[in-house]
Amino acid sequence: MKKSRTIKPQGIGNMELPECVALFVDSAPEDFKLAVLLSVLCCYCALGTRLRVKYIYDLDLHALLLQVLIVGEPGAGKSFTRGIVKRLMGALRLRDKEERNKEKAYRKLTKMLKNKNLPDEPVVEVRCIQTITRAMLTKRADAIQTKYGEPLSFFLFAEEMGLMADSNKRAYADLRTLDRLAYDLGAEFCSETMYDAGCNSDVDICWNSLFCGTENSLNEYIDKRSIEGGNVTRKVLCKLPDMLGDDAPKFIPIDSAGSATIKNMVDRLMDETYAHDGKLQPTHEIPMAWLDPQVEKWCDTQRLEVLKTGSRARNCFYKRSSLSAFRMAAMLYYLWGEDESKQKQVAKFYHFMATYIVEGLLAQWGREYDLMHQTDKDPTAEQKTSIYELCPNQFTREQLRELIVKLNLKTDARNFICKWKRAKLIHEVKESKTELFEKNYKS
């Protein structure tokens, strides 16, 4: 369980991974390694639904919930996710099939007895979902909480993201709301209908999701309302390479020994959830306090970038990018058996993944988010270069005002100077008769 292999996914450099993860990554072509890594971790997090972790900026414990989007052109090889899901989620899907059979048997019984002397309806637990209506999802979540008294994570998998976009247009009109709530444990959804067949209940709906699609289907799924409402901040976006003129990606089969290693980890995570008496196992908190200084350091770096650029998109995106990366790092640490000797590798993974997520979100939706949230006091979202970088090494308040006017910004110079001084990005040169400021490059 504590064995590891060195991999080189795109941009990640040399990094050790637990063997149950490295087996998948090693089997993938170079340009697909990162997408495979994200898909595998999403599945493991769904299986580890009883795992909890304390994040430095929150009081409540977090479940390991991820929402991964794999985007590529048609025929780019997105179907690799199917094999990963089949292998890792097979045991849970088999359990779901047995539960659905109970549901079918009861429906058959109701037709035979015609509501006479019917037994109680079975409480059915189904967690692997492709498309579903709001009412049915609420019913599924309520059944799990009725059975165990606590929520469990659903796993949503769609090889074609268009299915989710189409659901938005039909019965699943509250997908955006549920999408936001599903990212956090304890964010309850209240369903009230006037129909007896409806499920009227307060439920905690949480899920891990893995959606694949093209750029067009991504734009349909993450539309203006999703960008403005903050759905994008919960996403981990991974784009596959341009496959124009390239051969189809070739994946190496995992041998029997590797398959056994993977199965052992899946069994371990299932045992971490379900006890032999039919009840749930107690939650297990992964000790991650040792990573807190690294989280604070990365977030401080992002805040400095926010102050330099005035980007509201980065100010919004970096927070949940850090949280998503932290959850993945916690799962990595758990898969390593919480081995303290692996903390350095986990910290390196967190830094890379947090940066990768926020930069991906900014590249895809940053400009549009800034335009949507632009106010009279905000710098324009059209400004791509940091105003801090555009200032000379020494500048006066009047020079800053002139630069602001030239760039057609609407933020007052005093606002920039106040925040830059507070962040120790600049200091005032006392010797000058005029109000002169100098950059602190060491910051």
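In what follows, every heavy atom counts, from backbone to side chain, and hydrogens, waters and symmetry copies are set aside.
Taking the charged nitrogens against the carboxylate oxygens, Glu285 and Lys54 have no contact shorter than 4.0 Å, which rules out a salt bridge. Ion pairing between a basic and an acidic side chain is recognised when a charged N comes within 4.0 Å of a carboxylate O; Arg225 and Glu368 show no such pairing. Between Asp370 and Arg367 there is no salt bridge, since none of the side-chain N atoms of the basic residue sits less than 4.0 Å from a carboxylate O of the acidic one. Salt bridge absent: Arg180 and Glu228 never bring a charged side-chain N and a carboxylate O closer than 4.0 Å. Using a 4.0 Å cut-off between charged nitrogen and carboxylate oxygen, Asp179 and Lys235 count as a salt-bridge pair. With respect to the salt-bridge test (charged N to carboxylate O, under 4.0 angstrom), the residues Lys78 and Glu160 do not qualify. Using a cutoff of 4.0 Å between basic side-chain nitrogens and carboxylate oxygens, Arg100 and Glu103 are not scored as salt-bridged.
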I'd like to know whether Val71 forms a side-chain contact (heavy atoms from CB on, under 4.5 Å) with Met161, so could you lay out the CA-CA distance, the side-chain angles of the two residues, the decisive distance to 0.1 Å, and finally the verdict.
CA-CA 9 Å; Val71 178; Met161 205 180 302; 4.2 Å; yes
Checking side-chain contact (heavy atoms from CB on, under 4.5 Å) for the pair Gln67/Trp207: CA distance, chi angles, key distance, verdict?
CA-CA 8 Å; Gln67 298 180 9; Trp207 68 52; 3.7 Å; yes
What do the steps show when you test Trp290 against Tyr333 for ring-ring contact (aromatic ring centres under 6.0 Å, His included), and what is the final call?
CA-CA 11 Å; Trp290 57 269; Tyr333 191 54; 5.1 Å; yes
Could you walk me through whether Glu125 and Lys97 satisfy the salt bridge (Lys or Arg N to Asp or Glu O under 4.0 Å) test, starting with their C-alpha distance in whole Å, then the side-chain angles of each, then the deciding distance to 0.1 Å, before giving a yes or no?
CA-CA 10 Å; Glu125 173 198 346; Lys97 184 177 181 180; over 6 Å; no
List the steps, then state whether side chain to side chain donor-acceptor pair (under 3.5 Å) holds for Glu16 with Gln345.
CA-CA 7 Å; Glu16 285 186 282; Gln345 287 88 339; 2.5 Å; yes
Kindly determine whether Lys342 and Trp336 satisfy side-chain contact (heavy atoms from CB on, under 4.5 Å), including the steps that lead there.
CA-CA 8 Å; Lys342 302 300 181 181; Trp336 247 319; 3.6 Å; yes
For Gln343 and Met288: C-alpha separation, side-chain torsions, deciding distance, then whether side-chain contact (heavy atoms from CB on, under 4.5 Å) applies.
CA-CA 9 Å; Gln343 290 180 358; Met288 295 295 293; over 6 Å; no
Working for salt bridge (Lys or Arg N to Asp or Glu O under 4.0 Å), residues Arg268 and Asp271
CA-CA 5 Å; Arg268 178 188 170 193; Asp271 291 340; over 6 Å; no
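Here the side chains of Val40 and Leu88 are in contact, with some heavy-atom distance below 4.5 Å. Side-chain contact check for Leu152 versus Arg50: some heavy-atom pair is nearer than 4.5 Å. Contact of the Ile357 side chain with the Leu237 side chain is not registered, since no non-hydrogen atoms from C-beta on lie closer than 4.5 Å. Using a 4.5 Å heavy-atom cutoff, the side chains of Asp31 and Leu240 are not in contact. Residues Leu64 and Arg327 have side chains in contact (heavy-atom distance under 4.5 Å, counting atoms from C-beta outward). Looking at Cys299 and Tyr57, their side chains come closer than 4.5 Å, going by heavy atoms from C-beta outward. Val53 is not listed as a side-chain neighbour of Tyr334, based on a closest heavy-atom distance of 4.5 Å or more. With a 4.5 Å cut-off on side-chain heavy atoms, Met89 and Leu47 count as touching.
By the 30° and 60° cut-offs, the orientation of the rings of Phe211 relative to Tyr221 is perpendicular.
Side-chain contact check for Tyr183 and Thr233: no donor-acceptor pair (N or O, by modelled atom type) lies under 3.5 Å. Side-chain N/O atoms of Glu338 and His284 include a donor and acceptor closer than 3.5 Å. Using modelled atom types, one finds no donor on one side chain facing an acceptor on the other under 3.5 Å when comparing Thr214 with Asn216. No side-chain donor-acceptor contact under 3.5 Å links Ser324 and Arg234. Neither side chain, His62 nor Arg52, offers a donor N or O lying under 3.5 Å from an acceptor on the other.
A donor-acceptor pair under 3.5 Å is formed between the side chain of Asn264 and the backbone N or O of Ala260. Side-chain N or O atoms of Asp96 include one that pairs as donor or acceptor with a backbone N or O of Arg127 at under 3.5 Å.
The environment of Asp60 atom CG is sparse: at most 12 non-hydrogen atoms of other residues, nucleotides or ligands sit within 6.0 angstrom.
Note that SG of Cys212 is 7.0 Å distant from CD of Glu159, once rounded to the nearest 0.5 Å. Within the model, atoms CD of Glu215 and CG of Leu218 stand 5.5 Å from one another, a figure rounded to the nearest 0.5 Å. Remark: Ile227 CD1 to Gln364 CD distance equals 8.0 Å, nearest 0.5 Å. In this structure, SG in Cys43 is found 11.0 Å from CG in Leu38, a value given to the nearest 0.5 Å. Interatomic distance, Leu323 CG to Leu65 CG, rounded to the nearest 0.5 Å: 9.0 Å. For the atom pair OG (Ser226) and CD (Glu220), the distance works out to 12.0 Å, reported to the nearest 0.5 Å.
Between Ala143 and Val123 the shortest heavy-atom distance is O-CG1, 3.2 Å. Residues Leu185 and Leu61 share a closest heavy-atom pair of CD2-O, 4.3 Å. Contact between Ile129 and Leu137 at its shortest, heavy atoms only, is CD1-CD1, 3.7 Å. Here the shortest heavy-atom pairing between Ser27 and Phe24 reads OG-O, 2.6 Å. The shortest non-hydrogen separation linking Ala28 to Lys33 is O-NZ, 3.0 Å. Looking at every heavy atom in both residues, Ser322 comes nearest to Ala354 through CA-CB, 4.3 Å.
Remark: Arg95 qualifies as a cation-pi partner of Tyr274 under the 6.0 Å distance and 45° angle criteria applied to the six-membered ring. For Arg93 and Phe157, the positive end is not near the middle of the six-membered ring at less than 6.0 Å and at most 45° from its axis.
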Side-chain donor-acceptor distances from residues 248-258 under 3.5 Å, at least two apart:
unit_1	atom_1	unit_2	atom_2	d
Asp255	OD1	Ala257	N	3.3
Asp255	OD1	Gly258	N	2.7

